[in-house]
Amino acid sequence: SLCFSHTACSPIFQAARGYARPVTKKRKDIPSHLDDLPPTMLKKDYANLPIMNSVDDVVKRLLSLEMASQKEKMKVKTQQLVEKVRRSPNDNGSFEVQGKFKKGRILIRTLEEHLQRHPKDKRNRRCMLMELDRRRKLLAYLRRVNYSTFENTCKQLDIQYSPSQTYTRHVTKRWLVKKALCIKVFQEKRKLKAAERLKQRREWQAKARAAR
């Protein structure tokens with residue numbers, strides 16, 4: 001039998017309880033690093049075409065960043081970063097121009113914004129950490145080779161360089177035994193490969209003598 005004496009047991013409240021939905025938190029509007037691009041700017045593939053000066057305004061709007069995807073905006077942003085670190089107007093072969101600093105910076109900023117919206121995305125967090133490590137290695141090389149260029153690149157691209165920390169392992173008896181075993185296995189495998197290469201070389205020499 002059904003109980004209709006209590007207000008919570010009435011059919012109206014039961015029907016409303018069935019249609020109720022969980023309250024979803026409103027996502028915060030996170031500013032993007034691509035917001036500083038003007039929407040009237042043309043895409044990278046159409047920016048330097050002379051014919052764009054004589055086309056209609058509707059065509060310009062279709063080929064502008066207002067109608068562009070995020071991939072097209074990232075291309076324009078990458079070109080702007082290249083212009084910042086370029087040593088001369090015709091510089092296309094320097095390390096900072098050909099390196100992955102500008103692409104890495106844009107990818108890292110994009111992944112940071114994505115992780116702010118989706119903090120549980122472990123795959124993109126791993127990609128971001130790998131990209132940070134790759135950029136740190138490139139900056140360390142540029143720092144050793146040309147320190148002035150390294151400082152200018154970090155300043156223009158707004159990158160804060162932090163050297164990687166030295167890794168120290170706690171030496172234990174188990175680790176020493178495992179390391180000795182790995183070295184022994186590596187040496188035995190190298191001996192087997194050397195014997196196989198020697199046997200193959202003798203076979204080739206025998207075939208060469210027979211052909212003569």
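All values reported here derive from a predicted model rather than from experimental measurement. Computed over heavy atoms, backbone and side chain alike; hydrogens, waters and symmetry mates excluded.
- Atom NZ of Lys120 and atom NE2 of His118 lie 12.5 Å apart (nearest 0.5 Å).
- Put simply, Ile108 and Leu138 are part of two different groups of oily side chains (I, L, V, M, F, W, Y) that touch within less than 4.5 Å, one to the next.
- Here CE of Met67 is found 10.0 Å from NZ of Lys43. Values are rounded to the nearest 0.5 Å.
- Contact check for Met128 versus Asn124: no side-chain heavy atoms found under the 4.5 Å cut-off.
- Hydrophobic cluster membership is shared by Ile159 and Phe150, with clusters built from Ile, Leu, Val, Met, Phe, Trp and Tyr side chains linked at under 4.5 angstrom.
- Within the model, atoms CG of Leu111 and CE of Met130 stand 11.5 Å from one another, a figure rounded to the nearest 0.5 Å.
- Cluster membership check: Val145 shares its hydrophobic cluster with Tyr161, using side-chain heavy-atom separations under 4.5 Å among Ile, Leu, Val, Met, Phe, Trp and Tyr.
- A distance of 7.0 Å separates CG of Leu34 from CD of Glu113, quoted to the nearest 0.5 Å.
- Pairs of residues two or more places apart, or lying in two chains, that qualify as side-chain hydrogen bond (donor to acceptor under 3.5 Å, both in side chains) and include a residue from residues 52-63 are Arg61-Glu66.
- For the pair Glu196 and Lys193, the salt-bridge criterion is not met [side-chain N within less than 4.0 Å of a carboxylate O].
- Hydrophobic clustering (ILVMFWY, side-chain heavy atoms < 4.5 Å, transitive): Leu157 and Tyr147 are in one cluster.
- Considering every non-hydrogen atom in both Leu65 and Pro38, the closest pair reads CD1-O, 3.7 Å.
- Cluster partners of Met52 are Leu42, Tyr46, Leu49, Ile51, Val55, Val59, Leu63, counting Ile, Leu, Val, Met, Phe, Trp and Tyr whose side-chain heavy atoms approach within less than 4.5 Å, directly or via other members.
- Side-chain atoms of Gln80 and Lys77, non-hydrogen and from C-beta on, do get closer than 4.5 Å to each other.
- Connection of Leu81 to Leu37 is established within a shared hydrophobic cluster, with ILVMFWY side chains joined at heavy-atom distances below 4.5 Å, either directly or through further cluster members.
- In this structure, Arg136 and Pro163 approach most closely via the heavy-atom pair CD-C, 4.2 Å.
- The line from CG of Leu181 to NZ of Lys184 is 8.0 Å long, rounded to the nearest 0.5 Å.
- A pairwise comparison of heavy atoms in Leu115 and Arg125 identifies CD1-CA, 3.8 Å as the closest pair.
- With a 4.5 Å cut-off on side-chain heavy atoms, Met74 and Gln70 count as touching.
- Annotation: side chain of Ile183 is in contact with side chain of Lys179 (closest heavy-atom distance under 4.5 Å).
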Working note: Leu139 + Arg143, criterion side chain to side chain contact (heavy atoms under 4.5 Å, CB included); need CA distance, chi angles, decisive distance, verdict.
CA-CA 6 Å; Leu139 286 173; Arg143 187 168 181 261; over 6 Å; no

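- One distance of note links CG of Asn152 with CZ of Arg87; it measures 9.5 Å at 0.5 Å rounding.
- Side chain of Asp35 to main chain of Ser32: a donor-acceptor pair is present (N/O by atom type, distance under 3.5 Å, no hydrogens or angles).
- Side-chain atoms of Arg209 and Gln205, non-hydrogen and from C-beta on, do get closer than 4.5 Å to each other.
- Side-chain atoms of Tyr141 and Arg144, non-hydrogen and from C-beta on, do get closer than 4.5 Å to each other.
- Taking the salt bridge (Lys or Arg N to Asp or Glu O under 4.0 Å) definition, one finds that Glu112 meets it with nothing, sequence neighbours left out.
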